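The structure under discussion appears below in the form of structure tokens.
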Amino acid sequence: MVLSASSVRSYVESGNSYTVFLAQVFYAVAGVALAALGARLPVVAWKRLAWPAVILALGLQAAVFTGMGVEFQGNRNWIEIAGRTVQPSEFGKLALVVFGAAVLAAKRKVVHRVWQASVPLVFPVGIVLVGLVLQGKDLGTGMIMLAILVGLLWAAGLPARWFLGVGAVAVLGVAYLAAGSANRMQRIQVWLGDVCDSPQVDGCFQKVHAEYALADGGWWGLGLGESREKWGLLPEPHNDFILAIIGEELGLPGTMGVLALFAVLAYAIFRIVSQAEDMFTRLAAAGMLIWLLGQAVLNIGSVIGMLPIIGVPLPLVSSGGSALLAALMGIGLLLSLARSLPGAREALAQRTSSLDRTYAAVTTGRSGAGRGSRPGAARTTGRTTPRTSTHATPRAATRAAPRGSTRAAPRPRGGPKGRR
């Protein structure tokens, strides 16, 4: 879908329809390799990475405001490394999940005390990391990080009464940040006012064209690659609004397929949370659930008009190297957590790989098709192969001889009298 949604814009900008697609393939291969590595790491290794990961995330996020920083569309959330742009906040989400789970697991006996639960997760690490992201004017990513923090504290068992105050502060903070930006206020007014009768209304262009794409797709879609909105009409068709292109080209089955995949992912993570006996495993899985599914809900809600346009990518689907790498590393963490569940090691040890099963089938077929199994192969010795009765069993032959007797068991009825 990234190839289909990005081909037109990629050709206009670079003269090659595959530029964005090939970059996404590169990041996908690297992400799968990192996910495989993360899946093999033991849980204790992930715990040890908590402090180094969050310190690195803070350093990279601070580097956005140095000479390495790159500004795009008014936001300053990227740095340039070796000719490639990297968005540190995407990796900051993963670092926040691992760090928060490690800290709260270590404080599980005193986590009901709000001060113990807040230091150092909220004060200073969470506030500094989220503050740096918001300073770069990325409200959507800041909201995801705040949701991760609140979700980790909730999963750790912090008393519910504390969340009333936290929620009120969060709402006031988001309202203040939204009021300070004319673009954000316009998006909220468009969402609440229902004034988007045409794309020419201020602030309605992207919203209306996303609805056009979904409407044009209808029930069954226009066909893969047949989108009309990607021809310079819908902004960011391969990033934040790729779901609209999926709906236009693949129709309702395509969009429902995406929702079904996220539902399967949510169910798998929920099983880890419900079956985990280790506190770190439970909290890390809960943090990943809030990150991936919360961000998916924000993105889908923005595309279909149920939420204001927030500007976050659809996890594992949208184009974007940093987002894809971070999400796949998170999948590696989830696989590592799943392997640590009670009974998982034994179950994996009993499974035979598909390669082993294929090899066994091939070798069995070769042995069965050997020279001795060909018709008439027994006649090469000049003797006839005897036919053994299928009714005779070793147990029956054993019962036929008296106990303690050395006499051989009687020959099966109907067997040959000559030498075998």
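Residue numbers start at 1 and run along the sequence shown. Owing to the predicted nature of the structure, the values given are computational and were not obtained by experimental measurement.
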Side chains of Ser89 and Asp138 in contact at under 4.5 Å (non-hydrogen atoms): yes
Lys230 bridged to Glu249 by N-O distance under 4.0 Å: yes
Greater than 12 external heavy atoms within 6.0 Å of Met256's CE: no
Beyond-backbone contact of Met143 with Leu139, side-chain heavy atoms, under 4.5 angstrom: yes
Shortest non-hydrogen contact from Phe21 toward Ser6: N-OG, 4.2 Å
Set of ring-ring contact (aromatic ring centres under 6.0 Å, His included) partners for Trp231, sequence neighbours left out: none
Reported NZ-to-CG distance for the pair Lys93 and Leu292, which is rounded to 0.5 angstrom: 9.0 Å
Non-neighbouring partners of Ser14 that pass side-chain hydrogen bond (donor to acceptor under 3.5 Å, both in side chains), sequence neighbours left out: Thr19
Residues that Phe280 engages under ring-ring contact (aromatic ring centres under 6.0 Å, His included), provided they are two or more places apart: none
Spatial distance of atom CG (Leu252) from atom CH2 (Trp220) [nearest 0.5 Å]: 7.5 Å
Which atom of Val20 lies closest to which atom of Ser10, heavy atoms considered: N-OG, 3.6 Å
Note, Met279 side chain near Leu104 side chain (heavy atom, < 4.5 Å): no
Flag side-chain contact, heavy atom, 4.5 Å: Glu236 against Gln206: yes
More than 12 heavy atoms of other groups within 6.0 Å of Phe163 CZ: yes
Which atom of Gln116 lies closest to which atom of Val110, heavy atoms considered: CB-O, 3.4 Å
Contacts of type side-chain hydrogen bond (donor to acceptor under 3.5 Å, both in side chains), residue Lys207, not counting sequence neighbours: Glu211
Neighbour count >12 (heavy atoms, 6.0 Å) for atom OH, Tyr18: no
Distance-minimising heavy-atom pair for Val190 and Gly203: CG2-O, 3.8 Å
Student check: side-chain heavy atoms of Gln135 and Arg76 closer than 4.5 Å: no
Minimum heavy-atom distance between Asn77 and Lys137, given as atom pair plus value: ND2-C, 4.3 Å
Show me the side-chain donor-acceptor pairs of residues 309-326 shorter than 3.5 Å, one per line, residues at least two apart or across chains.
{"residue": "Ser318", "atom": "OG", "partner": "Asn239", "partner atom": "O", "Å": "2.5"}
{"residue": "Ser318", "atom": "OG", "partner": "Leu314", "partner atom": "N", "Å": "2.8"}
{"residue": "Ser322", "atom": "OG", "partner": "Gln87", "partner atom": "N", "Å": "2.8"}

Residues in side-chain hydrogen bond (donor to acceptor under 3.5 Å, both in side chains) contact with Tyr212, at least two apart in sequence or another chain: none
Ile246 to Thr255 - nearest heavy-atom pair and separation: CG2-N, 4.1 Å
Contact check, side chains of Val97 and Ile290, non-hydrogen atoms, under 4.5 Å: no
Heavy atoms of other groups near Phe65 CZ, more than 12 under 6.0 Å: yes
Side chain proximity check, Tyr27 to Leu328, heavy atoms < 4.5 angstrom: no
Atom NZ of Lys107: over 12 foreign heavy atoms under 6.0 Å: yes
Non-hydrogen side-chain atoms of Glu248 and Ile245 separated by less than 4.5 Å: yes
